[in-house]
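Read the structure below first, then the notes.
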Amino acid sequence: CGALLTPALLRAQGRANNSGQLGDNLSIHPASAALAGFDERVDPSRTVPQGYASDHFTHEGLYFEGATTPLDLTAATVPGHGPEFVSLMERFDRTFNFGFMVKDRSRGSVTAGRDGRPRIRYWLGDADLAAAQRGFVILARVLFAAGAREVRLPVFRHEVLRGLQDVERLERATLAARHV
């Protein structure tokens with residue numbers, strides 16, 4: 001059932017809570033991705049999702065891997081709306097996704113709601129937020145070095161980066177967990 005459903009299942013069965021910590025200490029390895037737009041066709045639908053990875057930054061608690069998704073899933077997860085968003089989706093064959101995971105130090109909990117379904121609480125701490133910000137900066141730098149014309153991020157006030165000056169602005173920004 002995974003980290004989110006197992007505590008509720010075990011609790012409902014009256015099992016596995018000798019420690020009194022069933023559902024405590026939830027670790028989810030927060031993950032996110034960037035979508036890069038290129039001038040040339042890169043055709044993300046022809047790649048293997050999560051077919052590429054980099055463990056170069058694992059000493060910083062960051063693991064990068066391909067996050068290529070089909071058009072419909074990309075459209076559902078990329079911030080934006082209106083004509084600009086439609087134009088971006090029409091250029092889907094010129095986009096590429098790459099993502100990262102943070103080895104989190106933050107913790108949360110899973111309890112049962114009134115309806116018996118899991119109720120999840122998770123607090124992204126400052127260290128993990130800083131690691132996520134670093135992940136976005138690294139991704140943007142790599143994608144611009146690969147020839148991207150723009151990089152889209154799910155980061156408030158930094159949704160579209162158009163060059164290294166925007167990356168540097170993101171790097172200096174003070175973010176809150178609600179911004180990502």
So, for [X] and [Y], which heavy atoms are closest and what is the spacing to 0.1 Å?
X      : Y      : value
Leu139 : Phe98  : CD1-O, 3.4 Å
Ala132 : Phe100 : O-CZ, 3.5 Å
Thr58  : Tyr63  : CG2-CD1, 4.0 Å
Ala36  : Ala148 : CB-CB, 3.8 Å
Ser109 : Asp24  : CB-OD1, 4.2 Å
Ala131 : Leu62  : O-CD2, 3.4 Å

With side chains defined as the heavy atoms from C-beta onward, is the minimum distance between [X] and [Y] less than 4.5 Å?
X      : Y      : value
Val42  : Thr95  : no
Arg119 : Val110 : no
Ser32  : Val180 : no

Side chain of [X], backbone of [Y]: donor and acceptor closer than 3.5 Å?
X      : Y      : answer
Thr74  : Thr69  : yes
Arg11  : Leu22  : yes
Gln133 : Asp128 : no
Thr6   : Ala3   : no
His158 : Val155 : no
Asp93  : Arg41  : no

Steps toward side chain to side chain contact (heavy atoms under 4.5 Å, CB included) verdict (Leu153, Glu159): CA-CA 5 Å; Leu153 304 174; Glu159 291 88 350; over 6 Å; no
Nearest-0.5 Å distance that lies between atom [atom1] in [X] and atom [atom2] in [Y]:
X      : Y      : atom1 : atom2 : result
Ile138 : His56  : CD1   : NE2   : 8.0 Å
Leu88  : Leu35  : CG    : CG    : 5.5 Å
Leu129 : His179 : CG    : NE2   : 9.5 Å
Cys1   : Leu10  : SG    : CG    : 8.0 Å
Leu73  : Thr68  : CG    : OG1   : 11.0 Å
Arg107 : Ile28  : CZ    : CD1   : 10.0 Å

With sequence neighbours left out, write down each residue that passes salt bridge (charged side-chain N to carboxylate O under 4.0 Å, His left out) with Asp115, or none if nothing qualifies. Arg117
With a 3.5 Å cut-off and no angle check, do the side chains of Ser87 and Arg91 form a donor-acceptor pair? yes
Verify same cluster id: [X], [Y] (apolar side-chain graph, 4.5 Å):
X      : Y      : result
Phe92  : Phe38  : no
Leu170 : Val78  : no
Leu26  : Met101 : no
Val160 : Phe96  : no

Using a side-chain heavy atom cutoff under 4.5 Å and only I, L, V, M, F, W and Y, what cluster partners does Phe156 have?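 Cluster partners of Phe156: none, it stands alone.
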Could you identify which residues cluster with Trp123, counting Ile, Leu, Val, Met, Phe, Trp and Tyr as linked when any side-chain heavy atoms lie under 4.5 Å apart, either directly or through a chain of such contacts?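 For Trp123, no cluster forms, as it stays isolated from other hydrophobic side chains.
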Do other residues, nucleotides or ligands put more than 12 heavy atoms under 6.0 Å from [X] [atom1]?
X     : atom1 : result
Glu40 : CD    : yes
His81 : NE2   : no
Glu84 : CD    : no
Asn18 : CG    : no

Starting from the C-alpha separation in whole Å, work towards a yes-or-no answer on salt bridge (Lys or Arg N to Asp or Glu O under 4.0 Å) for Glu150 and Arg152. CA-CA 7 Å; Glu150 68 177 24; Arg152 293 179 177 260; 2.9 Å; yes
